[in-house]
Amino acid sequence: MVRKKNFLKPTLVWWIAAAVILGIYTQPIAARGGVIRTAISAEPDNLDPWLSAAADTQAVMYNVFEGLIRFNEKGELLPGLAESYKISPDGLTYTFKLRKNVKFHNGSKLRAADVKYSLEKLSGLSGAKALSSKFSRLARIQTPADDTVILTLKERDAAFLSACITPILPKGYHGQSKKPVGTGPFKFVSYSPGQSIVIEKNRNYYDRRKMAKVDRVEFRIMTDPGAILMALKAGDLDMAGIDGQNVAALKSDFTVLKAPQNMVQLLALNNARKPFNNLKVRQAINYAIDKEAIITAVANGFGTKLSTNMSPIMKFYYQDGLDIYKTNIPKAKRLLQEAGYPAGFTTTLTVPSNYQFHVDTAQVIAAQLLKVGIKMKIKPIEWGQWLDQVYTKANYDCTIICLTGKLDPNEVLGRYESSFPKNFFRFSDHRYDQLIKLGTKEVNEAKRAKIYRECQKILTRQAAAVYIMDPNLVVILKRNLKGFKFYPVRFLDMSSMYYE
């Protein structure tokens with residue numbers, strides 16, 4: 001008996017050929033599983049996300065916690081634990097529809113009651129002290145269904161949606177500082193002071209597209225850049241953020257990635273103190289400084305030159321075309337003469353001593369300003385003293401610092417508003433104050449962006465400070481480790497990473 005051949009039965013070769021024809025078999029298959037060992041430079045200030053303020057802690061714990069809203073690499077706000085949301089025409093009512101298949105890491109299901117509990121604690125509507133000023137305009141929380149939350153504000157607040165990135169925690173659980181419980185793609189495993197934070201893949205994560213690809217991540221607490229460099233060379237770390245000057249020693253064996261990190265390094269000038277209360281003096285200093293030379297000397301070239309108090313990584317709000325202070329020594333001298341300082345002057349440059357990056361920048365700037373007769377006495381002080389004397393009391397002539405970027409533009413540019421308590425620049429401009437006030441109320445994103453771009457123009461033209469650079473975040477990875485993403489806020493997103 002002759003058996004008929006089944007021509008419809010696909011063979012392995014047939015499947016591969018079909019995949020190639022259809023364009024499916026075009027990428028290498030990512031190996032799933034494995035452990036990523038990386039380094040962080042500081043101890044967590046608190047594992048409870050409502051009590052933590054440290055950017056490095058949040059960079060790690062964003063893997064564990066989630067809010068109603070999330071953000072992407074462009075800084076855009078997207079639905080998070082809420083699958084959708086609507087804002088009323090008057091900008092006062094926010095209606096969130098929750099995802100139905102979300103579970104906390106302790107197994108409990110996400111419900112509207114958890115959101116209500118979280119927001120009551122954060123806003124102070126629970127009767128206890130508010131844990132976050134970001135929710136101060138929240139007036140009422142309604143939960144008409146298990147998957148619906150309606151939030152009513154006292155007044156319009158354009159930053160409210162970005163505030164909803166704040167993690168939602170399970171009602172009734174009070175152990176967050178010791179054993180954090182969230183809904184994210186990774187679960188907390190352990191924290192060993194001085195050693196590490198360990199997280200593992202959440203195999204019950206609700207979003208298969210964002211499911212973690214590695215099994216485990218070890219964040220080793222390493223404060224010494226030299227030790228990080230040696231650990232990478234020895235194969236004890238799979239990835240780490242490093243200083244730009246160490247790239248040359250590693251680039252032959254590792255993948256090197258760099259990008260702006262939404263941080264603004266600047267030379268702050270006390271606008272209320274002589275001679276910096278004179279616009280021409282502030283402009284002269286801007287013309288005298290060579291930012292590209294600073295980036296080369298201090299950041300080894302790993303920096304993005306700035307002209308305003310916003311990084312270009314915040315594309316939606318960033319105002320381009322403000323590079324109006326090209327290095328021009330003769331013009332700087334002429335402006336100083338017009339301001340009444342033909343021979344220059346002597347001033348004190350206060351620098352936080354724990355940031356060598358700023359100390360080095362101070363030395364370069366001091367040398368550059370000598371060319372126009374400005375003598376800067378560099379005064380290193382401890383961080384706590386800097387926070388008290390400079391940041392809080394504005395008791396200084398000039399200083400160098402990095403301001404961490406935020407997702408909401410008002411948290412960045414609102415620092416210059418006249419009545420802002422920590423306006424250590426002592427910058428004051430009536431039109432600027434009006435714009436900031438408008439920006440806090442405008443919920444139309446396009447109109448709001450236009451307002452904050454105008455604010456940047458004022459800061460630059462008024463030479464409120466010298467905006468130097470966004471020091472690039474430089475990340476070194478083993479060559480087979482892929483998927484790293486840069487974000488406009490500190491976030492070590494481990495869910496997208498995999499071994500090839």
Side-chain angles (χ1 to χ4, degrees), residues 55 69-78 87 91 94 133-134 136-137 153 155-165 259-266 268-269 271 282 286 304-325 401-470 486-490:
I69 297 296
R70 66 181 181 88
F71 56 89
N72 64 13
E73 305 96 296
K74 297 178 182 179
E76 296 169 328
L77 300 179
L78 305 169
I87 305 175
Y94 291 68
S133 61
K134 295 179 180 180
S136 61
R137 292 187 175 95
L153 306 186
E155 56 183 337
R156 286 160 69 108
D157 182 1
F160 184 74
L161 200 61
S162 65
C164 291
I165 293 167
Q261 55 181 319
N262 197 17
M263 187 176 283
V264 175
Q265 188 198 38
L266 52 80
L269 308 170
N271 285 220
R282 300 196 302 270
N286 270 273
T304 300
K305 187 171 74 168
L306 299 179
S307 303
T308 180
N309 199 134
M310 189 164 284
S311 169
I313 199 170
M314 293 292 288
K315 293 179 182 178
F316 189 68
Y317 295 103
Y318 178 71
Q319 176 61 54
D320 204 357
L322 291 178
D323 190 13
I324 60 177
Y325 299 109
I401 197 65
C402 268
L403 298 179
T404 305
K406 308 290 183 181
L407 287 176
D408 186 77
N410 194 66
E411 290 191 66
V412 177
L413 300 177
R415 294 166 170 146
Y416 293 85
E417 195 268 329
S418 298
S419 64
F420 183 67
K422 298 294 177 67
N423 176 4
F424 67 97
F425 305 94
R426 290 298 188 258
F427 177 76
S428 180
D429 182 274
H430 180 65
R431 175 59 179 157
Y432 190 90
D433 291 348
Q434 287 181 320
L435 288 168
I436 289 295
K437 191 172 182 179
L438 284 172
T440 61
K441 306 292 184 183
E442 182 55 69
V443 294
N444 180 289
E445 291 186 1
K447 291 180 180 179
R448 193 167 189 241
K450 187 176 180 180
I451 290 169
Y452 287 109
R453 291 192 195 108
E454 188 63 31
C455 285
Q456 292 169 67
K457 292 178 184 178
I458 293 173
L459 289 180
T460 301
R461 290 168 182 163
Q462 291 294 314
V466 180
Y467 304 105
I468 304 169
M469 69 170 124
D470 182 340
F486 288 99
Y487 288 85
V489 292
R490 290 280 287 141

(request) Report, as yes or no, whether the 6.0 Å neighbourhood of atom NZ on Lys441 holds more than 12 heavy atoms from other residues, nucleotides or ligands. (result) yes
(message) Within the supplied structure, the quantity of interest is the number of heavy atoms (other residues, nucleotides, ligands) at a distance under 6.0 Å from Glu445 CD; does it exceed 12?
(response) no
(request) Report the C-alpha separation of Val443 and Arg448 in whole Å, then their side-chain angles, then the decisive distance to 0.1 Å, and conclude whether the side-chain contact (heavy atoms from CB on, under 4.5 Å) test is met. (result) CA-CA 7 Å; Val443 294; Arg448 193 167 189 241; over 6 Å; no
Shortest non-hydrogen separation from [X] to [Y] and the atoms involved:
X	Y	result
Leu77	Leu407	CD2-CD1, 4.4 Å
Asn286	Ala463	ND2-CB, 3.6 Å
Thr308	Val264	O-CG1, 4.3 Å
Glu73	Pro488	O-CD, 3.3 Å
Cys455	Leu435	SG-CB, 3.6 Å
Arg453	Tyr318	NE-O, 3.7 Å

Would you check if the side chain of [X] reaches a backbone N or O of [Y] as a donor-acceptor pair within less than 3.5 Å?
X	Y	result
Arg426	Asn271	no
Arg137	Glu155	no
Asp433	Ser418	yes

(message) So, taking the atom named CG in Leu322 and the one named CG in Leu459, what distance separates them when rounded to the nearest 0.5 Å?
(response)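 Leu322 atom CG to Leu459 atom CG measures 9.5 Å (nearest 0.5 Å).
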With a 4.5 Å heavy-atom cut-off, do [X] and [Y] have their side chains touching?
X	Y	answer
Gln456	Asn309	no
Met310	Tyr317	yes
Ile401	Phe424	yes

(request) Check the angle between the aromatic planes of Tyr416 and Phe425 and answer parallel, tilted or perpendicular using the 30° and 60° thresholds. (result)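 Correct class here is parallel.
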(request) Before giving the answer on side-chain hydrogen bond (donor to acceptor under 3.5 Å, both in side chains), spell out for Asn410 and Tyr452 the whole-Å C-alpha distance, their side-chain angles and the decisive distance to 0.1 Å. (result) CA-CA 8 Å; Asn410 194 66; Tyr452 287 109; 3.1 Å; yes
(message) Walk me through whether Lys134 and Glu411 qualify under side-chain contact (heavy atoms from CB on, under 4.5 Å).
(response) CA-CA 10 Å; Lys134 295 179 180 180; Glu411 290 191 66; 4.1 Å; yes
(message) Does this structure show an ion pair linking Glu454 with Lys457, if we count only N-O contacts that are shorter than 4.0 Å?
(response) yes
(request) Evaluate the salt bridge (Lys or Arg N to Asp or Glu O under 4.0 Å) criterion for residues Lys437 and Glu417: first the C-alpha distance (whole Å), next the side-chain angles of each, then the deciding distance (0.1 Å), finally the verdict. (result) CA-CA 9 Å; Lys437 191 172 182 179; Glu417 195 268 329; over 6 Å; no
(request) Just do the side-chain contact (heavy atoms from CB on, under 4.5 Å) check on Tyr325 and Val466 with the steps written out, would you? (result) CA-CA 10 Å; Tyr325 299 109; Val466 180; over 6 Å; no
(request) Give the intermediate values and the outcome of side-chain contact (heavy atoms from CB on, under 4.5 Å) for residues Tyr432 and Gln462. (result) CA-CA 11 Å; Tyr432 190 90; Gln462 291 294 314; over 6 Å; no
